[in-house]
Protein chains: 2
Amino acid sequence: MPRGRPRAFDADKALDKALKVFWRKGYEGASLPDLTSAMGINRPSLYAAFGNKEALFRKVIQRYANGPASYVRIALTRPTARAVVQHLLREGVQILTNPRNPRGCLAVQGALACGDSADCVRKELIRQREALVTALRNRFERAKSEGDLPADSAPADLARYVATLMHGLSVQASGGASRSQLQRVANLALRAWPT
Amino acid sequence: MPRGRPRAFDADKALDKALKVFWRKGYEGASLPDLTSAMGINRPSLYAAFGNKEALFRKVIQRYANGPASYVRIALTRPTARAVVQHLLREGVQILTNPRNPRGCLAVQGALACGDSADCVRKELIRQREALVTALRNRFERAKSEGDLPADSAPADLARYVATLMHGLSVQASGGASRSQLQRVANLALRAWPT
DNA sequence: GACATTCTGTATCAGTCGGTAAATATATCC
DNA sequence: GGATATATTTACCGACTGATACAGAATGTC
């Protein structure tokens, strides 16, 4: 056990609470009182444990990737490109419309457009979203080389198409679209997939 | 000519400047100094001419709909459902990636997630986005009754699919995707369209 | 020219923003 | 028990937020 007075709160649980706040209100829209009251701690404890607002947000992003968004990594392990996309879209719709979570995707609505002070957070989320495109492109290139995708298909374009769908679904979910509505959109989108 | 001292600035030009600021930074991210300095006026002039920040934003939304986003109404007049979608996607990509404008779509990034004080602006943009879905659904229902769309197609689902694509393209553009990348995504997306 | 009307510029408002200094409380190490 | 180390609490910081009061300037009406 470390020296000194022990922390009176569970840092992981507090991080989950912060995740919910950032998820719902975005980086700029989440104020420190919003965060501290949700986390059940006061400001100096937040700063001691997490650094500052931006550092807290970066930790929240990691937790998001390893928690609610972990289905993305799982989807990439599916045997065929089509199965990857199916898993991604259908599981994505589940997360985006999970009533226990805020609507939409943190990587989209965390800081899509913001003031100058939040610009490096915005750029970080751009990198996160672009990482999805890259991962998909790599997966589809492999699929193409395996004969799983037609020789005339364009993995980079397919990757961006799927990412565009995911982010569009996030906007839809954020606007209140229902789970079944988005499921039907996902099914429709799959008709564009090369056979 | 009205009585009193005449206004020393062009209200329409000032509104255009405000549009650019809101478009790039979002409703919350755009501060009053951002707005007034871009508009070339000082704060009391802004309040006298436009009310307050929220009223200014609502006027900016209208101007956006009648200006950069006017291609949407034009697209709806195309003779076939497929032509509507083609026009929408291709013209949309042009606007979303126009180097003279901020990247992305105001209706998406104006207030996707925000603090409580901006919540009614957020809801207003949700209504704006949902209006696109409704207009598309009506147009596709007409197309179906005209035999332009197959009898087994679902206009509501097709409408939401197209809206999802548009909003996804907006997120992509906001993240720096190039015009040609998005054009290829739009072409790919059209492969899901019923024949 | 006197007056009413409207806009502009300065200066300022109360409230909130993210962030912190200082004092107190609670643990381990010796 | 005493020293040390860490956490919590209270109170506060300067900067910025959206929004205004007030005085001066520029017009039309009479």
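Just so it is clear, the model here is predicted, and its values are computed rather than measured. Lettering of chains follows the sequences in order, A, B, ..., and the numbering in each one begins at 1.
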Residue-phosphate contact under 4.0 Å: [X] side-chain N/O, [N] OP1/OP2:
| X | N | value |
| --- | --- | --- |
| A:Asn52 | C:dG19 | yes |
| B:Arg3 | C:dT6 | no |
| A:Tyr47 | C:dT20 | no |
| B:Arg43 | D:dA19 | no |
| A:Asn42 | D:dT8 | no |
| B:Ser45 | C:dT8 | yes |

Between A:Phe9 and B:Pro6, whichever has its closest DNA chain D nucleotide further toward 5' is A:Phe9

Are any non-hydrogen side-chain atoms of B:Trp23 and B:Gln109 less than 4.5 angstrom apart?
yes

Please examine the side chains of A:Leu136 and A:Val84, heavy atoms only from C-beta on, and report whether any two atoms are closer than 4.5 Å.
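Yes, at least one pair of side-chain atoms sits under 4.5 Å.
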
| Base, sugar-phosphate alone, or nothing: which one does A:Ala30 contact when heavy atoms must sit under 4.0 Å apart? |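 Here A:Ala30 touches the backbone only, sparing every base.
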
| request: Give A:Ala48 one of three labels, base, sugar-phosphate or nothing, depending on what nucleic acid heavy atoms sit under 4.0 Å from its own. | output: nothing

To the nearest Å, give me how far apart [atom1] ([X]) and [atom2] ([N]) are.
| X | N | atom1 | atom2 | value |
| --- | --- | --- | --- | --- |
| B:Arg7 | C:dT8 | CZ | P | 7 Å |
| B:Asp34 | D:dC16 | CG | C1' | 12 Å |
| B:Lys25 | D:dG18 | NZ | P | 11 Å |
| B:Leu32 | C:dT16 | CG | P | 16 Å |

Is A:Lys144 salt-bridged to A:Glu141, cutoff N-O under 4.0 Å?
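No, no charged N to carboxylate O under 4.0 Å.
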
- Message: Can you say whether a donor on the side chain of B:Arg5 sits under 3.5 Å from an acceptor on the base of D:dG28, or the other way round?
- Response: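 Result: no qualifying N/O pair found.
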
Here the pair of heavy atoms bringing B:Met39 nearest to B:Ala14 is CG-O, 3.4 Å

